[in-house]
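First listed ligand is number 1; within each ligand, the first listed atom is number 1.
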Amino acid sequence: MAENVRVRFAPSPTGEPHIGNIRTALFNWLFARRHGGEFVVRVEDTDQERLVPGALEAVLESLDWLKIDWDEGPRVDGPHAPYVQSQRLDIYKDLARKLVDKGVAYPCYCTRERLDEMRKEQQRTRQGSGYDRRCLHLSDQERRDLEAEGAPSVIRFAMPTSGVTEVEDLIRGHVEWRNELLDDFVILKSDGFPTYHLGVVTDDHLMEISHVLRAEEWLPSTPRHLQLYQALDFEPPKFGHLPIIMGPDRAKLSKRHGATALLDYREEGYLPEALLNFMVLLGWALDDKTEVMSTDTIISEFSLEGVTKSSAIFDREKLTWMNGVYIRDLSAEELADRLLPFLGRDLPPGLLPVDRDYLVNIAPLIQERIKLLSDAAGMTQYFFEDLPVYDPNMLVQRGMDAASTHPALQAALEHLKESPSFGHEHLEQTLREVGQELGLGPRQFFGSLRVAVTGRTATPPLFETMEVLGRDRVLRRLSRACEVINQLI
Ligand code: GLU
C-alpha cells in the first residue's frame, strides 16, 4: 500500500460499547498496524440529547483492556486536535455556510409540526418520502422575513435530483444509489451542532483519513457523504463496510444472544487476547481453518481481502472455548496473576488476601478445566478455607461405614505425619500401600481422603492437590475428619 494509511474509530458516546462497536475499532487498528499507518479515535458527540455519561470512558477502557492503542485522539494529542466534535463546532458552521453560499445547501425553517404533517400526508397518499424541499423554494423575501421573525432554522444539503452516486466499496464492491431517492438531509442543526453526516465528512477530510472502515449499517449514509465530499471539493477516502454481526439464529446480534456491554466480558472472566482473537473472526478469516492466532500473527496477516461480505455469526460457545484455549496457554505465574483480581472479588472476604505464591501452585491444578477466570473462586475455595465445610457422611464411601472409615483416615494421618516427602508421587505411593494394607479399594480410600482434605467429591488429582495444600493443612484436615467421623460411630 503506497499511500499513507490513516484510519479512524469514531464512537458516539451514546451508550456502553458492545462487541459490534469494538469490532470496528479492532479492524481499523489492525489495518493501521498492518500497514504502518495511524489509528485515530474521534469522539462523535454531536447528538447532545443522546449522550450517556460514562459512555466515552467505557469505550476508551474497552480499547485499553484489549490493548488497542491509538496514535491520535482523546488522551493522545495530535496535529488535528481537538478530536472531540463538540469542540469543533466553528469548523462545521463555516463549511455549512460555504455550502449555502455555493447554492448547494439552504436554510430550512420547517417546524417539527410541519414535518410531522408532511410525513403523515406522504403516508396517506403513499406519495413521496423524505423532506419535500419546501424551503428550497423560498423567495429571498420570504427567507428574510423568517429570519427577521427569528424563526429557528437548520441547514439542509440540496441533493441532486437525478443521476447516481456510486462507490467502489473495498469489501462490498460496486454499490450505487439513485440520487432522486435521497432527500435533502440536514447538515447543521438549529442548536449549531452538525449532524453526523457533516461532522463525519469534515473530520475525515481534515484528519486526512485514507480509509473509512465501518459497520455495514452506515452504507446507506455513504452516498450522502460522497455528495458532500463533492460539494466541498474534498477528495473522498476509500470506503469499506464491515459485515453485520448476527446471533447463531441469524437475527441481528442483541442481548438475547448473550452479547452485552464489552466490559461485561472482562467481568465474566474472558481474557482480552481471547476476545480479540474471537472478534477478529467476526468478519475476517486467515484461511478456512485457522482459528487461534496470536495478535502479532493477526496483525501481520490482516487484510481487507480477507474480510467477508456475508454476515458474521457470533457464537458465545466458541468464545468460551477459545478462552479456555488461551487460559491453558498461560504459565502458572501468568494464570495466577490473572486470577488474583477474580479471587479478590469472588472469594468470601474472610479468606482474603490470597497468597500469590500459593496461588501459583494452585493455578496449574485448575488450568485444564477452567473456561472463565470467574470459575476460579468456586473451584479453589477449599484451598483457602481454614477447614473445609462438608457433611461428615460424605467421608463414608460405598461398602464402608463410619466405623471402618475412621481407622482408614487415622492410618493416613499417621503415615503422612511421618512421610519424608510431601511430593505427589511419594504421597501416591505411600497412600496406595496404606490402602492395600487396610484392604480398601483405591476408590474407597482415596474417595474418603479427598473429602477429608477438600470437602468435595470431585477435585483436581488428589495427590497433586495434597502436595499443594502442604503437610500442615492436610494434617489438620485429616485430624478434623477423624474427629467428625468419630461422632458418627
Ligand atoms: N459515530 C458513528 C458511530 O457511532 C460513526 C460512523 C462512522 O464510522 O462513520 O458509529
What short N/O contacts, under 3.5 Å, does ligand 1 make with the protein, listed by atom pair and distance?
residue: ligand 1; atom: 1 (N); partner: Ala10; partner atom: O; Å: 2.8
residue: ligand 1; atom: 1 (N); partner: Ser12; partner atom: OG; Å: 2.9
residue: ligand 1; atom: 1 (N); partner: Glu44; partner atom: OE1; Å: 2.6
residue: ligand 1; atom: 4 (O); partner: Ser12; partner atom: N; Å: 3.4
residue: ligand 1; atom: 4 (O); partner: Ser12; partner atom: OG; Å: 3.0
residue: ligand 1; atom: 8 (O); partner: Arg8; partner atom: NH1; Å: 2.6
residue: ligand 1; atom: 8 (O); partner: Arg8; partner atom: NH2; Å: 3.4
residue: ligand 1; atom: 9 (O); partner: Arg8; partner atom: NH2; Å: 3.1
residue: ligand 1; atom: 9 (O); partner: Tyr196; partner atom: OH; Å: 2.6
residue: ligand 1; atom: 9 (O); partner: Arg214; partner atom: NH1; Å: 2.9

*Evaluate the ring pair (Phe, Tyr, Trp, His ring centres under 6.0 Å) criterion for residues Phe302 and Trp284: first the C-alpha distance (whole Å), next the side-chain angles of each, then the deciding distance (0.1 Å), finally the verdict.*
CA-CA 8 Å; Phe302 187 79; Trp284 179 81; 5.5 Å; yes
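With rounding to the nearest 0.5 angstrom, the CD1 atom of Ile244 is 11.5 Å from the CZ atom of Arg250.
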Side chains of residues 194-203: which donor-acceptor partners sit under 3.5 Å, not counting sequence neighbours?
residue: Thr195; atom: OG1; partner: Val186; partner atom: O; Å: 2.8
residue: Thr195; atom: OG1; partner: Ile187; partner atom: O; Å: 3.4
residue: Tyr196; atom: OH; partner: Arg214; partner atom: NH1; Å: 3.0
residue: His197; atom: ND1; partner: His225; partner atom: NE2; Å: 3.0
residue: Thr202; atom: OG1; partner: Leu198; partner atom: O; Å: 2.6
residue: Asp203; atom: OD1; partner: Arg88; partner atom: NE; Å: 3.0
residue: Asp203; atom: OD1; partner: Arg88; partner atom: NH2; Å: 3.0
residue: Asp203; atom: OD1; partner: Tyr92; partner atom: OH; Å: 3.4
residue: Asp203; atom: OD2; partner: Gln85; partner atom: NE2; Å: 2.9
residue: Asp203; atom: OD2; partner: Tyr92; partner atom: OH; Å: 2.6

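A search for side-chain hydrogen bond (donor to acceptor under 3.5 Å, both in side chains) contacts involving Arg114 returns Asp132, not counting sequence neighbours. Under the rule for a side-chain hydrogen bond (donor to acceptor under 3.5 Å, both in side chains), Arg126 has no partner lying at least two apart in sequence or in another chain.
For the pair Arg156 and Tyr131, the distance from NZ or CZ to the six-membered ring centre is under 6.0 Å and the angle to the ring normal is within 45 degrees.
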